[in-house]
K.L.:
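Have a look at this one before I ask anything.
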Amino acid sequence: MNSMERVMTAISHKEPDRVPVFHMFSHYGAKELGLSIKEYFSKPDHVVKAQLDMRKKYSNDCLYTFFYAAVEIEAFGGEVMFTEDGPPNSGEPFIKSIGQIKNIKPPKIYDSNPLQKVLEVTRILKKIIGDEVPIVGVVMSPFSLPVMQIGFEKYLELIYFKKDEFKQLMKINQEFCVSWANAQLEAGATAICYFDPLASPTIIERAKYLETGYKIAKKTLSQIKGATATHLASGIAFPVVDDIAATGSAVLGFSGEDNIEAIKERAAKKICLLGNLNGIDMINWDKEKTRKEVKELIQKAARGGGFILSDNHGEIPWQVSEDILLEITETIKKHGTYPIN
Amino acid sequence: MAAIDLAVEDLKTTLLQINRIEAAKIFKNFYEKDKNFEMLEHLTIEVLEKIGDGWENGQLSLSQVYMSGVICEELIEKYIPKNIVSDKNELKIAIGVLQDHHSLGKRIVYSVLKAGGYDPVDFGQGLTVEEIVARTLKEEIDILLISTLMLPSALKVKKVVERLRDGGSSAKVIVGGAPFRLDSNLWEKVNADADGKNGAKASKIIESFMKGGKQS
């Protein structure tokens with residue numbers, strides 16, 4: 001099987017030849033090419049080369065066109081801060097007051113240089129790889145993006161006490177999110193990963209999510225013209241498995257803190273699971289610990305398909321050593337061949 | 001059930017419903033009984049600790065923790081006795097976010113400490129190692145709470161501690177944030193003195209430092 005066949009089989013809740021692996025490499029590509037993170041993201045060619053090199057090196061079953069979450073904030077005119085050893089982060093929220101929301105317009109995808117670079121990477125990768133490997137694009141959910149737009153505290157005030165302004169911001173973000181997702185699909189992305197950390201009960205209680213983020217996800221995903229995966233970026237997923245499945249997503253990124261057996265049972269035949277190695281803890285692992293973690297995860301989550309092995313945050317930290325990532329792949333090849341014993 | 005336990009349960013339920021008005025009534029009724037501010041402070045910290053624990057064990061959400069802290073901070077303000085003489089005010093406590101503008105965690109801990117009778121200095125967010133060290137030294141801080149969101153910032157706490165010691169400060173450093181939650185030994189690796197898993201835990205750690213203790 002090639003990567004596309006392997007992944008599509010797993011998503012169809014069937015057993016492929018082996019467990020598919022998604023190493024979610026974003027800024028890690030700079031390490032691969034020996035560049036600073038800022039330099040790395042300055043040219044689409046860098047990202048293309050690193051994605052292809054790392055696919056080969058780690059037998060990665062996806063190409064990941066995600067630059068960094070704050071790329072969307074740049075499109076809105078906000079500030080991004082680069083560091084030497086981590087993901088570029090959003091600066092001070094660009095919405096300074098709730099009253100400002102009414103003046104915000106969704107950015108045009110084709111006016112934004114950073115978004116154009118992502119699209120260029122997607123187009124080149126698609127041209128080179130065709131349908132052999134899934135190309136995964138990324139959007140931030142309209143419901144979660146405001147944490148970077150307005151700051152978490154003000155955003156919670158909106159969610160709980162300012163329903164009109166909340167609706168107004170959601171409308172702006174939905175329009176942007178749908179355009180951004182569809183532009184990536186048009187450029188060649190196979191699927192869109194919808195990052196929605198606020199959908200996790202770790203951040204927002206389920207009852208509130210059902211009133212807000214769930215409805216927004218349902219409406220937004222229905223307008224995205226392609227397959228979607230929802231990722232909760234390390235937040236627990238078990239209590240919202242059925243809800244996320246009902247939004248129309250085919251894949252769910254779950255947490256290192258979720259009970260694997262319980263979530264596997266709940267997700268069976270409904271939604272394919274993606275996860276859940278603890279990327280932060282990974283920096284402490286040696287090869288033996290890596291083998292143990294990967295074998296255990298395969299044993300608990302891989303039977304019957306419906307599972308893609310990955311980290312639990314959707315991004316491999318800069319500090320994780322290459323040896324550990326290679327060991328993850330080797331262990332999958334050795335112990336992740338179907339049928340799982 | 002003792003009166004305090006009943007009040008703890010009532011207040012917890014009300015805070016989780018983000019019901020400011022009902023929470024204000026509970027505060028008032030509880031305080032009116034014997035006009036004892038320390039009891040009110042105790043009630044607040046008990047409730048916030050339960051809510052913080054509920055978040056840690058996956059039962060409650062971060063937004064509930066935040067809203068509860070903010071409501072309690074607001075409500076307790078008007079009961080704080082004027083010219084209060086307390087050991088808590090003798091300690092110079094500061095809190096800041098290292099290399100990041102996501103300040104929710106800092107705000108939660110700040111609110112809980114205020115609700116618990118402390119008066120922390122807010123160093124703000126997006127601070128560099130140099131900025132947080134310089135302010136800690138200049139203001140002769142006794143206890144420094146550092147909030148982080150991402151792993152690179154969490155790892156930089158080690159540099160903060162080193163530079164504080166080089167600068168002659170013996171300030172206790174309490175860390176918090178997602179990286180420390182996802183790697184429970186990280187606080188020790190960066191040479192912090194304690195891991196403030198939530199606001200109420202941070203408050204208890206400060207209390208133990210005041211008594212000369214340390215986190216085990």
Side-chain angles (χ1 to χ4, degrees), chain A residues 27 37 70 73 78-79 81 83-94 147-148 151-157 159-161 197-198 200-209 212 233-236 238-239 255-259 278-285 312-313 315 317-320, chain B residues 15-20 51 54-71 73 97-108 110-111 124-129 147-156 159 177-186 188-190:
Chain A
H27 61 284
I37 292 167
I73 296 301
E79 178 198 17
M81 303 186 307
T83 57
E84 75 276 18
D85 55 0
N89 199 356
S90 57
E92 278 188 50
F94 66 90
V147 173
M148 290 188 284
F152 218 146
E153 296 107 299
K154 279 203 188 93
Y155 183 45
L156 287 175
E157 202 182 322
I159 293 177
Y160 287 99
F161 306 116
L198 267 65
S200 168
T202 303
I203 309 291
I204 299 277
E205 62 276 18
R206 181 170 171 263
K208 195 59 160 175
Y209 167 67
T212 53
S234 308
I236 57 164
F238 178 76
S255 169
E257 291 180 332
D258 277 307
N259 178 308
N278 182 337
I280 300 287
D281 198 30
M282 219 181 261
I283 66 171
N284 306 312
W285 293 0
N312 79 339
H313 194 72
E315 186 165 66
W318 178 270
Q319 291 75 10
V320 174
Chain B
L15 290 173
L16 294 180
Q17 292 163 349
I18 327 285
N19 188 338
R20 286 173 202 254
I51 292 174
W55 181 64
E56 272 182 58
N57 64 33
Q59 300 301 310
L60 299 175
S61 70
L62 189 61
S63 60
Q64 287 172 311
V65 176
Y66 169 72
M67 296 307 291
S68 304
V70 170
I71 293 171
E73 182 196 344
V97 186
L98 193 56
Q99 288 192 314
D100 206 296
H101 287 276
H102 293 86
S103 56
L104 187 77
K106 181 200 74 175
R107 185 74 173 86
I108 290 172
Y110 181 88
S111 296
Q125 49 275 348
L127 301 162
T128 62
V129 169
S147 173
T148 63
L149 180 73
M150 294 189 183
L151 182 61
S153 341
L155 294 171
K156 289 217 165 45
K159 237 181 221 174
F180 297 102
R181 198 165 56 81
L182 293 165
D183 177 354
S184 56
N185 299 316
L186 188 57
E188 288 174 301
K189 285 180 219 152
V190 299

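Chain A is the first sequence line, chain B the second, and so forth, proteins listed ahead of strands; every chain is numbered from 1.
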K.L.:
Report the option among L186(B), L104(B), L62(B), V70(B) that has the most heavy-atom pairs separated by less than 4.5 Å from atoms of chain A.
P.N.:
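Heavy-atom pairs under 4.5 Å are most numerous for L104(B).
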K.L.:
Side chain from CB out, backbone as N, CA, C, O: work out which of these in Q319(A) comes under 4.5 Å of a heavy atom of chain B, or both, or neither.
P.N.:
side chain
K.L.:
Relative to chain A, which of R20(B), Q125(B), Q59(B) shows the most heavy atom pairs under 4.5 Å?
P.N.:
R20(B)
K.L.:
For L151(B) and P317(A), work out which heavy atoms get closest and say how close.
P.N.:
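Distance-wise, the nearest heavy atoms are CD2-CB, 4.1 Å.
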K.L.:
Under 4.5 Å heavy-atom distance to chain A, tell me which part of L155(B) shows up: side chain, backbone, both or neither.
P.N.:
side chain
K.L.:
Quick one: closest heavy-atom pair of Y160(A) and I18(B), and the distance?
P.N.:
CE2-CG1, 3.8 Å
K.L.:
I want to check something: taking the side chain as every heavy atom from C-beta on, are H313(A) and L182(B) in contact at a cut-off of under 4.5 Å?
P.N.:
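When only atoms from C-beta onward are counted, L182(B) and H313(A) do not touch, as no gap falls below 4.5 Å.
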K.L.:
Rounded to the nearest 0.5 Å, how far does CE of M148(A) lie from NE2 of H101(B)?
P.N.:
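These two atoms lie 13.5 Å from each other.
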K.L.:
Could you check whether any side-chain heavy atom of R181(B) comes within less than 4.5 Å of a side-chain heavy atom of T202(A), counting everything from C-beta outward?
P.N.:
yes
K.L.:
In terms of heavy-atom proximity below 4.5 Å to chain A, should S153(B) be classed as side chain, backbone, both, or neither?
P.N.:
neither
K.L.:
Sort out for me which of A154(B), A178(B), G58(B), S103(B) touches chain A most, counting heavy-atom pairs under 4.5 Å.
P.N.:
S103(B)
K.L.:
Are the side chains of S90(A) and H102(B) in contact, using a 4.5 Å heavy-atom criterion?
P.N.:
yes
K.L.:
With rounding to the nearest 0.5 angstrom, report the CD to CE distance, Q99(B) to M81(A).
P.N.:
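Here the rounded value is 8.0 Å.
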K.L.:
Looking at D100(B), is its backbone amide N or carbonyl O close enough to the side chain of N89(A) to form a donor-acceptor pair, meaning the two atoms are under 3.5 Å apart?
P.N.:
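Answer holds: no.
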K.L.:
Please classify the contact of K156(B) with chain A as side chain, backbone, both or neither, using a heavy-atom distance under 4.5 Å.
P.N.:
side chain
K.L.:
Cation-pi check for F152(A) against R107(B): NZ or CZ below 6.0 Å from the six-membered ring centre and within 45 degrees of the axis, yes or no?
P.N.:
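Output no; distance or angle outside limits.
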K.L.:
State, to 0.1 Å, how close G86(A) and P152(B) come at their nearest heavy-atom pair, and which atoms those are.
P.N.:
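Answer, listing the atom of G86(A) first, then P152(B): CA-CG, 3.6 Å.
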K.L.:
Highest number of heavy-atom pairs under 4.5 Å with chain B: which of V147(A), T83(A), N284(A)?
P.N.:
N284(A)
K.L.:
Walk me through it: do E205(A) and L16(B) pass the test side-chain contact (heavy atoms from CB on, under 4.5 Å)?
P.N.:
CA-CA 10 Å; E205(A) 62 276 18; L16(B) 294 180; over 6 Å; no
K.L.:
L156(A), D281(A), N312(A): which one forms the most heavy-atom pairs within less than 4.5 Å of chain B?
P.N.:
L156(A)
K.L.:
Between Y155(A) and chain B, which part of the residue has a heavy atom less than 4.5 Å away: side chain, backbone, both or neither?
P.N.:
neither
K.L.:
Nearest 0.5 angstrom please: N57(B) CG to E257(A) CD, how far?
P.N.:
10.5 Å
K.L.:
Are the side chains of P87(A) and M150(B) in contact, using a 4.5 Å heavy-atom criterion?
P.N.:
yes
K.L.:
Testing the 3.5 Å rule here: is there a donor-acceptor pair between the side chains of S61(B) and Y209(A)?
P.N.:
no
K.L.:
If we define contacts as heavy-atom pairs under 4.5 Å, which of I203(A), I280(A), N278(A), I204(A) has the most with chain B?
P.N.:
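It is I203(A).
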K.L.:
Please classify the contact between I283(A) and chain B as side chain, backbone, both or neither, with a heavy-atom cut-off of under 4.5 Å.
P.N.:
side chain
